[in-house]
Engineer: 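Quick one: structure below, then a few questions.
Just so it is clear, the values below take in all heavy atoms, side chains as well, and ignore hydrogens, waters and symmetry mates. For ligands, and for the atoms within them, numbers begin at 1 and follow the listed sequence.
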Amino acid sequence: MKEIKLFINGAFKTSEKSFISENPANSEAVAKVFIPSEKDIDDAVDAAEAAFYSSEWRGMDQIKRAEILEAISEKMKERRNELTELEIADSGSCVRKAKADVHNAASYFKVLAGQLRKFQFETKDESATRAGFSHNYKIYEPVGVCAQIIPWNFPLVMAAWKIGPVIASGCTTVLKSAQETPVTASILAEILNEVGLPKGVVNIVTGGAKEGEYLLQNKKVRKVAFTGSTSVGKKIMQSAGQNLQRISLELGGKSANIVLADADLSIAVDGALYAFLYHSGQACDSGTRLFVDQKIYPAFKDALIKRIADVKVGIPTDTGTGYGPVVNKKQFETIMNYIEVSKKEGAKLLFGGERATGGDLDKGYYIRPTLFEVTPENTIFNEEIFGPVLAITPFSTDEEVVKLANKSVYGLAGAVWSKNPDHAKKIARQLEAGTVWINEYHLLNPGMPFGGYKQSGLGREMGEEGLKAYLEVKHLWISDCDERSKKPWFDAIF
Ligand code: NAD
């Protein structure tokens, strides 16, 4: 069986505590996973600190770091089959989703390398500079040792989004993968060694809340980057406050997907299903609140119910499968509980609402894609489920739908479907969300920022904003007043 060891200072090591991770599709063992002790976590942070101050890493220029990012991307492509198979077994991702994840993670490193090659770590600010008085520069410098914590839903992509900017910025890190899905981050660790990343720059351990909390308390950690639930994000923000650590939070969502009366139904129906069923609903940006214009509501609802029956539920390794299991028993029970609550509250069940069974499905945690017609009072209108459950609500006017869409503590993403781009854009601009698509869903561009408004997070990943989140900015003042007589302000103390 595969062993997932701790990756500390460029070496793989075992620990006293371990467990056997399971495949969510059939409960078969995937790997023996080693959990770090407190000392292991301290060692990882020490290694990250030593690497941060090493002349090898500090002295490495941005072109060389970009080359490392490109080499990681290439190695990931070389090992794409292995990464895909492991991601499927570890996380229950369907084969097409897992392939896309490997491709997207590899592409991200490549795009980031391109950004890094162009990024100006030192710029002269001409507007602040006054000839004969001062020259003023902005110098961007790495924040330092980072602690990064990721969730289980897109294990490889999440690891890439964290490790990429660490290398690009010249920071160092201890990344804690999710205990539910630690396998592909460990392959990434092997790749980091293969491409010659100096040891200690990236250290990877796994574990749960206990290990995460312990890591964040280390006073050598200067920046925390967390992706996960809003409830844990709030705790992390409090803990980061103790040492005023820099912080990036990518949290939960309850994104609004708005279908206007003039939408092209031949794509909007499939788009609405794709928005909430991708990865069995376990995507942070899922369009889980669907708003449909009253004028087309009955026809749209009928089309949705008809089309959802075509979603291919099956085992993740089957290339024909579009929709697989949820990650584990706990998540399965959480989702089923939300379904029961909705039924009790009187939300109208339009489709699904039960376990998917029969043949191989009996071995895993499968839930039928589920549609409910709801009002804003229903629990599932407001709370993130992180599963394949859609809350549908009709609306009558633009003002009403904007109000309904923004009636959420979250603000991660959203979409508008319309044949009129100006109308769609007018609504998109009013949505309180970090990413809004028009006639599209889920697609991300690594050159553009991703993150949340309101309780969906703080800061951005990807794009220039994502790189700057790992940099401090220094104002460098070079005086032009090179004679004592040109510095009358010194006289203030005489
Ligand atoms: P979670 O918050 O339970 O756990 C996330 C990570 O934090 C895991 O590695 C976990 O071990 C760790 N953790 C848990 N408690 C901790 C604590 N007290 N201190 C330190 N670390 C702790 O989330 P999850 O169930 O793994 O993932 C699902 C959530 O992640 C959803 O809310 C989803 O929306 C969110 N998510 C957000 C994004 C985004 O980019 N905004 C992306 C993916 C997932």
Engineer: Evaluating non-hydrogen atoms only, which member of Pro151, Gly228, Ala283, Gly252 is closest to atom 35 (C) of ligand 1?
Structural biologist: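 Among Pro151, Gly228, Ala283, Gly252, the closest heavy atom to atom 35 (C) of ligand 1 comes from Gly228.
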
Engineer: Identify the protein heavy atom lying closest to atom 10 (C) of ligand 1, giving its residue, its atom name and the separation to 0.1 Å.
Structural biologist: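 Heavy-atom neighbour on the protein nearest atom 10 (C) of ligand 1: Lys176 NZ, 3.8 Å.
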
Engineer: Please report which non-hydrogen protein atom sits nearest to atom 8 (C) of ligand 1, along with the residue it belongs to and the distance in Å to one decimal place.
Structural biologist: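 Minimum-distance protein heavy atom for atom 8 (C) of ligand 1 reads Ile150 O, 3.4 Å.
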
Engineer: Consider ligand 1: state whether an atom of it lies below 4.0 angstrom from any non-hydrogen atom of Gly208.
Structural biologist: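 Checking ligand 1 against Gly208, which is what was asked, there is a heavy-atom contact under 4.0 Å.
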
Engineer: Got the closest protein heavy atom to atom 42 (C) of ligand 1, with its distance?
Structural biologist: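 Protein heavy atom with the smallest distance to atom 42 (C) of ligand 1: Cys284 SG, 3.1 Å.
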
Engineer: Do the side chain of Lys468 and the main chain of Gly463 share a donor and acceptor less than 3.5 angstrom apart?
Structural biologist: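 Side chain of Lys468 to backbone of Gly463, a donor-acceptor pair under 3.5 Å: no, none is there.
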
Engineer: Ignoring hydrogens and angles, tell me if any N or O in the side chain of Glu461 forms a donor-acceptor pair with the backbone of Ser248 under 3.5 Å.
Structural biologist: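 Checking the backbone N and O of Ser248 against the side chain of Glu461, no donor-acceptor pair under 3.5 Å is found.
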
Engineer: Looking only at protein heavy atoms, which one is nearest to atom 19 (N) of ligand 1, and how far off is it?
Structural biologist: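 That would be Glu213 CG, 3.4 Å.
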
Engineer: Within the 4.0 Å heavy-atom shell around Gly207, which atoms of ligand 1 are there?
Structural biologist: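 The atoms of ligand 1 under 4.0 Å from a heavy atom of Gly207 are 11 (O).
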
Engineer: Ignoring hydrogens, what is the shortest heavy-atom contact between Leu431 and Tyr453? Give both atom names and the distance.
Structural biologist: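 Here Leu431 and Tyr453 meet closest at O-CE2, 4.3 Å.
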
Engineer: For Asp360 and Lys363: C-alpha separation, side-chain torsions, deciding distance, then whether salt bridge (charged side-chain N to carboxylate O under 4.0 Å, His left out) applies.
Structural biologist: CA-CA 6 Å; Asp360 284 333; Lys363 295 187 204 151; 3.3 Å; yes

Engineer: What protein heavy atom is closest to atom 16 (C) of ligand 1, reported as residue, atom name and distance in Å?
Structural biologist: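 Protein heavy atom at minimum distance: Val232 CG1, 3.4 Å.
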
Engineer: In the protein, which heavy atom is nearest to atom 34 (O) of ligand 1, and how far is it?
Structural biologist: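 Checking every protein heavy atom, the shortest distance to atom 34 (O) of ligand 1 gives Glu384 OE2, 2.6 Å.
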
Engineer: Pull out every atom of ligand 1 sitting under 4.0 Å from any heavy atom of Ala178, numbered as shown with elements.
Structural biologist: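 Matching atoms, with element in brackets: 9 (O).
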
Engineer: Return the option from Val157, Val327, Ile149, Thr435 holding the heavy atom at the smallest distance from atom 6 (C) of ligand 1.
Structural biologist: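 Residue with the shortest heavy-atom distance to the ligand atom: Ile149.
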
Engineer: Please check if the side chain of Asn203 supplies one atom and the backbone of Asn9 the other of a donor-acceptor pair under 3.5 Å.
Structural biologist: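 Pair found, side chain donor or acceptor close to backbone of Asn9.
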
Engineer: Are the aromatic ring centres of Phe291 and Trp417 under 6.0 angstrom apart?
Structural biologist: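 Here the rings of Trp417 and Phe291 have centres that are no less than 6.0 Å from each other.
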
Engineer: For atom 5 (C) of ligand 1, which candidate among Thr227, Thr334, Asp285, Leu216 holds the nearest heavy atom?
Structural biologist: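 Looking at heavy atoms only, Thr227 sits closest to atom 5 (C) of ligand 1.
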
Engineer: Around atom 28 (C) of ligand 1, find the nearest protein heavy atom and jot down its residue, atom name and distance.
Structural biologist: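 Here the closest protein heavy atom is Phe386 CE2, 3.5 Å.
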
Engineer: So does Glu194 pair up with Arg79, basic N to acidic O under 4.0 Å?
Structural biologist: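 Result for this pair is yes, salt bridge flagged.
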
Engineer: Quick test of your reading of the structure: of Ser229, Ala413, Ser286, whose heavy atom lies closest to atom 2 (O) of ligand 1?
Structural biologist: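 Going through Ser229, Ala413, Ser286 one by one, Ser229 has the nearest heavy atom to atom 2 (O) of ligand 1.
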
Engineer: With heavy-atom distances below 4.0 Å as the criterion, list the atoms of ligand 1 near Asn153.
Structural biologist: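 Atoms satisfying the 4.0 Å criterion: 43 (C), 44 (C).
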
Engineer: Hey, which atoms in ligand 1 end up nearer than 4.0 Å to a heavy atom of Leu412?
Structural biologist: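 Listed by number with element: 41 (N).
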
Engineer: Out of curiosity, is Phe226 lining ligand 1, as in a heavy atom under 4.0 Å away?
Structural biologist: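 Heavy atoms of Phe226 do come under 4.0 Å of ligand 1.
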
Engineer: Would you mind checking which non-hydrogen protein atom is closest to atom 25 (O) of ligand 1, with the distance to 0.1 Å?
Structural biologist: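 Nearest neighbour among protein heavy atoms for atom 25 (O) of ligand 1, to 0.1 Å: Trp152 NE1, 3.0 Å.
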
Engineer: Just let me know how Leu215 lines up against ligand 1, side chain, backbone, both or neither, with a heavy-atom cut-off below 4.0 Å.
Structural biologist: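 Answer for Leu215: neither.
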
Engineer: May I ask you to establish whether Arg460 and Phe450 are in a cation-pi arrangement, using a distance under 6.0 Å from NZ or CZ to the six-membered ring centre and at most 45° from the ring axis?
Structural biologist: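 Not satisfied by the 6.0 Å and 45° rule.
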
Engineer: Is the NZ or CZ atom of Arg368 positioned over Phe351's six-membered ring, under 6.0 angstrom from the centre and within 45° of the axis?
Structural biologist: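 Pair Arg368/Phe351 counts as cation-pi.
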
Engineer: Mind checking whether Phe154 and His279 have ring centres under 6.0 Å apart?
Structural biologist: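 Here the rings of His279 and Phe154 have centres that are less than 6.0 Å from each other.
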
Engineer: Exactly one of Ser91, Pro24, Ser93 should register a side-chain contact (heavy atoms from CB on, under 4.5 Å) with Thr181. Which one does?
Structural biologist: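 Only one option passes, and that is Ser91.
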
Engineer: May I ask you to check whether Tyr140 and Phe119 place their ring centres under 6.0 Å from each other?
Structural biologist: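 Yes, ring centres under 6.0 Å apart.
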
Engineer: How does Phe450 reach ligand 1, if at all, at less than 4.0 Å between non-hydrogen atoms: by side chain, backbone, both, or neither?
Structural biologist: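 Side chain only.
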
